[in-house]
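Scope of the values below: all heavy atoms of this structure, side chains included, with no hydrogens, waters or symmetry mates.
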Amino acid sequence: MLVRCRTRDQEAVLRMAPSGAVADPAPGGQALQRFAANPGGPVPRFLGSGLVYDVSWVLEEARPGTRPVTLSASLLEDVVGFLAGLPQGTGAQPADRLLAVLTSLMPEWVPAAEELTATIATELEGWPSVAAHGDFWRGNLLEREGRLSGVVDWDAFDPHGVPGGDLLHLVATEERLRTRTSMGAVYRSAPWLRTSFGSCSRHYYRALGLQPSPAQLTAVGTAWWAAQVAGDLRRRPQLSRNDSWVAANVTSVLAPPR
């Protein structure tokens, strides 16, 4: 449940769901608390959280603005600046824990997943990790007069994300919405190697002191795919038994036709 409300002195958003459920807002609340030491910017301010009769709740500041209809140049500029300023850590190699979600449900993919994990780890060796939103698409952004005013819905937050993963998710999701195609099909089209992605990611990676090669960008793309598969399977484990979904989004990537 999502409720727009008002505290004593400001507009707020109250999120509620059964504790431990897929929609449990507690992880998002924990993510917002990480930004509490650096107030300002488009991240909603954390106002409180708790548990009542097994219902988890999080109260956060209501950011101004509306969801953008398109990604304008000014909005994209703000997005790149925001993502480049997120906290960094060490060891951007999360594919093992992400692909573990896949292999726990479909153990037949263990050898392919291990090979993919090793490739990503090799290509991204020495890269930092970054705080990642985890579901950074246009529907989770707010704009006001053409500028970024809010980044909401932090439930998929990952403190050890791959640099560029959020930006790629934004671009790839736009393509999925435009073409109405599967995640696997978007992956196979390699959007991370296109000029359109390079024009915005260049500024992002420069701010992080990175100059990724095509192979490293492909590793970022593969890590993005792994994160999306893991997210889908966490929300709906039954997808592992859906032959059409598996063929379009798993088999097409891990065992493409030769």
Below 4.5 Å, heavy atoms only, C-beta onward: do Pro27 and Phe157 meet side chain to side chain?
-> no
Taking the side chain as C-beta and beyond, is there a heavy-atom pair between Asp9 and Thr7 under 4.5 Å?
-> yes
Atom CG of Leu99 and atom OG1 of Thr103: how far apart are they, to the nearest 0.5 Å?
-> 7.0 Å
Is a side-chain donor-acceptor pair under 3.5 Å present for His169 with Trp224?
-> yes
Does the Asp135 side chain pair with the main chain of Ala156, one donor and one acceptor, at a distance under 3.5 Å?
-> no
Would you find a donor on one side and an acceptor on the other, under 3.5 Å apart, between the side chain of His133 and the backbone of Val152?
-> yes
First locate atom CE of Met1, then atom CG of Leu14, and finally report the distance between them rounded to the nearest 0.5 Å.
-> 9.0 Å
Strictly by modelled atom types, are Thr173 and Arg138 linked by a side-chain donor-acceptor pair under 3.5 Å?
-> no
What do the steps show when you test Leu193 against Leu217 for side chain to side chain contact (heavy atoms under 4.5 Å, CB included), and what is the final call?
-> CA-CA 7 Å; Leu193 296 179; Leu217 287 174; 4.3 Å; yes
Evaluation steps, side chain to side chain contact (heavy atoms under 4.5 Å, CB included), between Leu233 and Ser240 = CA-CA 7 Å; Leu233 289 174; Ser240 64; 4.2 Å; yes
Does any donor atom in the side chain of Asp54 or Ser19 lie under 3.5 Å from an acceptor atom in the other side chain?
-> no
Consider only side-chain heavy atoms of I, L, V, M, F, W and Y, link residues closer than 4.5 Å, and tell whether Trp137 and Leu142 are in one cluster.
-> no
Is any side-chain heavy atom of Val250 closer than 4.5 Å to a side-chain heavy atom of Leu102?
-> yes
Backbone N/O of Gly139 and side chain of Arg67: donor-acceptor pair under 3.5 Å | yes
With sequence neighbours left out, write down each residue that passes salt bridge (charged side-chain N to carboxylate O under 4.0 Å, His left out) with Asp155, or none if nothing qualifies.
-> none
Leu47 with Met16, same ILVMFWY side-chain cluster at under 4.5 Å | yes
Interatomic distance, CG@Leu208 vs OG@Ser201, rounded to 0.5 Å, equals 11.5 Å
Quick one: closest heavy-atom pair of Leu98 and Ala223, and the distance?
-> CD1-O, 4.1 Å
Do Arg34 and Pro159 come within less than 4.5 Å of each other through their side chains, counting heavy atoms only?
-> yes
Distance, nearest 0.5 Å, that separates CG of Leu170 from SG of Cys200 | 8.0 Å
Where the side chain of Asn249 meets the backbone of Trp245, is there a donor-acceptor pair that is under 3.5 Å apart?
-> yes
Indicate, with yes or no, if Leu105 and Leu116 share a hydrophobic cluster defined by side-chain heavy-atom contacts under 4.5 Å among Ile, Leu, Val, Met, Phe, Trp and Tyr.
-> yes
Shortest non-hydrogen pair, Arg234 vs Pro237, comes out as O-CD, 4.0 Å
Heavy-atom distance under 4.5 Å between the side chains of Val3 and Val13, does that happen here?
-> no
Ser56 side chain to Pro18 backbone, donor-acceptor under 3.5 Å = no
Between Trp225 (side chain) and Val220 (backbone), is there a donor-acceptor pair under 3.5 Å?
-> no
For Glu145, does the CD atom sit with more than 12 other heavy atoms under 6.0 Å from it, leaving out its own atoms?
-> no
Under the side chain to side chain contact (heavy atoms under 4.5 Å, CB included) rule, what do Tyr204 and Leu210 come out as? Steps first, then yes or no, please.
-> CA-CA 9 Å; Tyr204 169 81; Leu210 298 172; over 6 Å; no
Carboxylate-amine/guanidinium proximity below 4.0 Å for Glu61 and Arg63 | yes
Provide the closest heavy-atom pair for Pro44 versus Leu32 in the form atom of the first, atom of the second, distance.
-> O-CD2, 3.7 Å
Any chance CZ of Arg180 has more than 12 other-residue heavy atoms, nucleotides or ligands included, within less than 6.0 Å?
-> no
Side-chain touch Ser129/Val162, heavy atoms, less than 4.5 angstrom | no
Do Val229 and Val101 have side-chain heavy atoms sitting under 4.5 Å apart?
-> no
Do Phe35 and Trp154 have ring centroids that are under 6.0 Å from one another?
-> yes
Does one side chain, of Tyr187 or Ser252, offer a donor that lies under 3.5 Å from an acceptor on the other?
-> no
Between CD of Glu143 and OG1 of Thr66, what distance do you get to the nearest 0.5 Å?
-> 5.5 Å
Looking only at non-hydrogen atoms, find the nearest pair between Asp166 and Ala131 and report the distance.
-> OD2-O, 4.5 Å
Contact summary for His160 and Arg97, nearest pair of heavy atoms | O-NH2, 3.3 Å
Identify, with sequence neighbours excluded, every residue that meets salt bridge (charged side-chain N to carboxylate O under 4.0 Å, His left out) alongside Arg6.
-> Glu11
Evaluate the side chain to side chain contact (heavy atoms under 4.5 Å, CB included) criterion for residues Leu86 and Leu83: first the C-alpha distance (whole Å), next the side-chain angles of each, then the deciding distance (0.1 Å), finally the verdict.
-> CA-CA 5 Å; Leu86 290 176; Leu83 293 177; 3.9 Å; yes
Does the side chain of Pro214 reach to within under 4.5 Å of the side chain of Trp192, using non-hydrogen atoms?
-> no
When rounded to the nearest 0.5 Å, the distance separating CD of Gln216 from OH of Tyr205 is 9.0 Å
Is it the case that more than 12 heavy atoms not belonging to Arg144 sit under 6.0 Å from its CZ atom?
-> no
Is Arg45 paired with Glu60 through a side-chain N to carboxylate O contact shorter than 4.0 Å?
-> no
Got a sec: does the CD of Gln211 have more than 12 other heavy atoms crowding it under 6.0 Å?
-> no
For the residue pair Leu59 and Cys5, what are the closest heavy atoms and their distance?
-> CD1-SG, 3.9 Å
Under 3.5 Å, is there a donor-acceptor pair linking the side chains of Ser49 and Trp57?
-> no
Donor-acceptor side-chain pairing of Ser189 and Glu175 below 3.5 angstrom = yes
Got more than 12 heavy atoms from elsewhere within 6.0 Å of CZ, Arg188?
-> yes
